[in-house]
Asks: 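Dropping the structure in here first, questions after.
All heavy atoms count here, side chains included; hydrogens, waters and symmetry mates do not. Every number for a ligand or one of its atoms is a count from 1 in the order of the listing.
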Amino acid sequence: MAKLKLKKKVLYRGVILIIIIIAGTIIGLNFYNDYEYKKTYEYKLIEHGYTLEEAKTLIDYFKEDKYFIELLSKEKNSYILDLIKEKYYIHDYLERYIKYADKNKDISATEVVTLVNVNRDNNYYENDIPTDISKDILINVNKYYKLEENFEPENLVDISLRYSYADNKVTKETNDAYVSMWNEAKEAGYTLIVNSSYRSFTSQERVFNNIKASSGLKEADKVAARPGHSEHQTGLSIDVFEINNQSTATFKDSPAYIWLKENAHNFGFIERFPEGKENITGYSFEAWHWRYVGNDVAKIIHDENITFDEYYAYYIENAK
Ligand SMILES: [Zn+2]
């Protein structure tokens, strides 16, 4: 009897011991997991006031880049989340966005992303970027992107006098697209006419230097592009008016301009310097200046209501 009692006691102690070991292991593992979790970015971000969802978004975007480590040591920065939500946000430009926003406190995150994307955090003509001419009909030329002096489009053709004043050349595909557009406009009751198109580096230089000589550099920069910076050198641009309204002052109020705004993209043309986008394009509103980019891109630019500069930054530079 005493032996049996002893056996029961041993068994009982054994069970208790096992329970203690199991419980200890569970508690220990929990502590360990907790300790490990506290080392994660997710935990650190939540500690700094981000929600779980925001923390996950940030980790997704930043992974382990150098800026992220800095972010972990600071209080919550809601502005970064605003930037990331922007449709045209480019991650490589984050430091530039933040710098630009610091200098321009009164503008929205949308404006910061838009303006930095098109290089407005740099002064015009300060650091010329050589234009990538392999982009063909999507070559970008503006106050930042520059064409070389000897660049001349390969397939220049004369625009027929039926559609244009004399001595106007554009690339063959620009001409074909323009003729199709001209015919459609004619059917709608408008007779389009081109009064300026391809300009060589030297002719642009002449125009610019003449204004500079008579009115100074500041005035010349206002009304003309510096040589190498004019889109007219690409052979993809036309200055187009309607036969009954050829004034730069009033063409914007003509029904022909409205027609172009609604239809030009169907022929691969975009309005290059739209009203209200002067700060993005770097140019005053020019209702007459239309640029050939091909149908697909023209449709995107038209539908998303963006400028070619914005398109180029997000869909071409960013996609590299
Ligand atoms: Zn023009």
Asks: Restricting to N, O or S atoms of H232, which is nearest to the Zn ion (ligand 1)?
Replies: NE2
Asks: So which N/O/S atom does H289 have closest to the Zn ion (ligand 1)?
Replies: ND1
Asks: Judged by modelled atom types alone, do E317 and Y311 share a side-chain donor-acceptor pair under 3.5 Å?
Replies: no
Asks: Quick one: is the NZ or CZ of R291 closer than 6.0 Å to the six-membered ring centre of F308, and within 45° of its axis?
Replies: yes
Asks: Listed by chain and number, what are the salt bridge (Lys or Arg N to Asp or Glu O under 4.0 Å) partners of K186, not counting sequence neighbours?
Replies: none
Asks: Which atom name would you report as the N, O or S atom of D239 nearest the Zn ion (ligand 1)?
Replies: OD1
Asks: Could you name each residue pair satisfying salt bridge (charged side-chain N to carboxylate O under 4.0 Å, His left out) that touches residues 39-49, not counting sequence neighbours?
Replies: E36-K39
